[in-house]
Amino acid sequence: MANPDTVTLVIRSSRPQFRNDRDKIAFVVHASFIASGYKLVATGRPAFAEDALSSSPSQGEVGIEGWNEFEEYAFVYAKKGAKKILVKCLVIDDKLLVDAIAEGGKEPAHLEIEVGKYVAESREEGDYDAQFKDLGKLVSDLQNQILYKVDEGLKPKPVAPRAQSSSERNEGRESEYYVRRPAPLGPQIHPSGVVVPPIPGPGYSDLIPGPGAGVYPVRGGFGDGSMLVGPNDPRMFPGVGDHQPDFMGLPQPGVPPPGARYDPIGPGFEPGRLGRQPPRRPGDIHPDLEHFPRGFGSDYI
């Protein structure tokens with residue numbers, strides 16, 4: 001593809017000799033075709049022949065010798081899979097008129113270039129960068145007015161937007177519902193109509209456990225009910241710490257605190273198993289194990 005960098009690279013590699021400013025602009029026209037993938041198959045006198053398109057070879061390549069032999073310029077280009085193109089540049093006053101036509105074409109592409117707008121004053125013959133100005137605008141005009149008209153295959157193809165699948169569309173709606181909105185304070189309603197329970201927040205503890213995720217809470221927080229009891233714990237010293245002094249009240253002998261739970265030791269759970277067992281007789285098993293009637297032994301190993 002022709003752009004200021006590729007055109008400059010072609011000019012540097014060709015190292016042409018410019019006689020005047022018109023030569024410089026004409027060679028930019030030539031370099032734009034080379035940068036677009038074309039090969040030069042005729043220039044100078046052979047390219048001025050009336051049958052230049054038909055007589056020029058479709059394969060092979062020629063050098064640039066004689067390209068500025070006359071006051072006008074002519075080039076014939078070929079590319080695999082494309083028609084040959086004849087380009088002529090005519091000088092009128094301070095303008096360079098560029099016409100290009102493809103083999104078998106009816107209407108040529110035309111562009112008028114003001115030479116002084118794109119030529120910089122430089123005495124260094126080998127410093128090609130310093131001999132041009134606004135090269136990007138010149139190359140862009142050549143693409144739009146000449147190259148794209150004689151070879152439509154050079155036009156950039158528009159990228160069609162990819163159709164989203166149903167799952168991607170659903171994901172987009174869900175992410176828009178949850179991400180772009182502030183965090184809800186209560187239950188969230190899914191677009192499908194399903195009510196999603198909230199995830200419980202802080203305020204629960206070992207003594208008063210909260211509900212699991214996806215379950216509606218049925219109780220509020222009642223302070224810290226952690227099983228770790230310290231000197232500032234209100235259950236031991238009411239009125240001390242950050243808790244309310246009357247939450248637990250005065251401790252009562254033999255009365256467990258509200259919400260207290262007892263995990264029985266051993267596999268049995270009937271009420272009679274939670275009391276103290278009588279002293280063991282010689283040969284009895286440990287009271288923490290399953291009790292069997294005397295004489296039946298035990299499966300304890």
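Remark: Lys88 does not engage Glu72 in a salt bridge, criterion side-chain N to carboxylate O under 4.0 Å. Using a cut-off of 4.0 Å between Lys/Arg side-chain N and Asp/Glu carboxylate O, Glu107 and Lys149 are scored as not salt-bridged. Salt bridge present: Lys95 and Glu112 bring a charged side-chain N and a carboxylate O closer than 4.0 Å. Salt bridge Asp21/Lys24: present, at least one basic N to carboxylate O contact under 4.0 Å. A salt bridge is absent between Arg22 and Asp94: the closest approach of a Lys/Arg side-chain nitrogen to an acidic carboxylate oxygen does not fall below 4.0 angstrom.
Distance OG1/Thr8 to CZ/Phe132: 8.0 Å, rounded to 0.5 Å. Separation of atoms OG (Ser36) and CG (Leu154) is listed at 5.5 Å; rounding is to 0.5 Å. The distance from the CG atom of Leu96 to the CG atom of Asp23 is 9.5 Å, given to the nearest 0.5 Å. Going from atom OG of Ser56 over to atom CD1 of Ile85 covers 12.5 Å, rounded to the nearest 0.5 Å. Atom CG in Leu135 sits 8.5 Å away from atom CD1 in Ile25 (nearest 0.5 Å). Rounded to the nearest 0.5 Å, atoms CD1 (Ile113) and CD (Gln145) are 10.5 Å apart.
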Apply ring pair (Phe, Tyr, Trp, His ring centres under 6.0 Å) to the pair Phe48 and Phe70, showing each step before the final yes or no. CA-CA 10 Å; Phe48 279 108; Phe70 306 104; 5.6 Å; yes

Assess whether ring pair (Phe, Tyr, Trp, His ring centres under 6.0 Å) is satisfied between Tyr77 and His30, documenting all intermediate values. CA-CA 9 Å; Tyr77 300 97; His30 162 70; 5.8 Å; yes

Derivation of the side chain to side chain contact (heavy atoms under 4.5 Å, CB included) call for Leu90 and Ile92: CA-CA 7 Å; Leu90 177 65; Ile92 297 181; 4.1 Å; yes

Chi angles and distances behind the side chain to side chain contact (heavy atoms under 4.5 Å, CB included) call for Phe75, Phe33: CA-CA 10 Å; Phe75 309 91; Phe33 275 88; over 6 Å; no

Begin from the C-alpha positions of Arg45 and Glu69 and carry the test side chain to side chain contact (heavy atoms under 4.5 Å, CB included) through to its verdict. CA-CA 8 Å; Arg45 192 178 300 274; Glu69 181 180 357; 3.2 Å; yes

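Ring geometry for Phe27 versus Phe18: interplanar angle over 60°, hence perpendicular rather than tilted (30 to 60°).
In this structure, Val115 is a member of the same hydrophobic cluster as Val139, with clusters built from ILVMFWY side-chain heavy atoms closer than 4.5 Å. Transitive grouping of hydrophobic side chains (ILVMFWY, heavy atoms separated by less than 4.5 Å) brings Ile64 and Val10 into a common cluster. A continuous path of Ile, Leu, Val, Met, Phe, Trp and Tyr side chains, each step under 4.5 Å between heavy atoms, connects Val28 with Tyr148, placing both in one hydrophobic cluster.
For Arg19, the CZ atom counts as densely surrounded, since its 6.0 Å shell holds more than 12 non-hydrogen atoms of other residues, nucleotides or ligands. Under a cut-off of 6.0 angstrom, the local environment of NZ in Lys39 is crowded, with over 12 non-hydrogen atoms contributed by other residues, nucleotides or ligands. In this structure, Asp93 places its CG atom where only 12 or fewer heavy-atom neighbours from other residues, nucleotides or ligands lie under 6.0 Å away.
A donor-acceptor contact shorter than 3.5 Å links the side chain of Gln143 to the backbone of Ala2. Counting only distance, with no hydrogens or angles, the side chain of Ser32 and the backbone of Leu142 share no donor-acceptor pair below 3.5 Å.
Using a 4.5 Å cut-off on side-chain heavy atoms (C-beta onward), Asp99 and Val87 make no contact. Val29 is not listed as a side-chain neighbour of Tyr73, based on a closest heavy-atom distance of 4.5 Å or more.
Across all non-hydrogen atoms, the minimal contact from Ala47 to Ala52 is O-CB, 3.4 Å. Taking each heavy atom of Ala102 and Lys83 in turn, the nearest pair found is CB-CB, 4.5 Å. Of all heavy-atom pairs between Ser54 and Glu103, the closest is CA-OE2, 4.4 Å. Among all heavy-atom pairs drawn from Val98 and Ile146, the shortest one is O-CD1, 4.0 Å. Minimum interatomic distance between Val62 and Ala42 (heavy atoms only, all atoms of both residues): CG2-N, 3.7 Å. Of all the heavy atoms in Ala35 and Thr6, the pair that sits closest is CB-OG1, 3.6 Å.
Residues Tyr38 and Asp151 bring a donor and an acceptor atom of their side chains to less than 3.5 Å of each other.
Residues Val41, Leu53, Val76, Ile101 make up the rest of the hydrophobic cluster containing Leu86, defined by ILVMFWY side-chain heavy atoms closer than 4.5 Å, directly or through other members.
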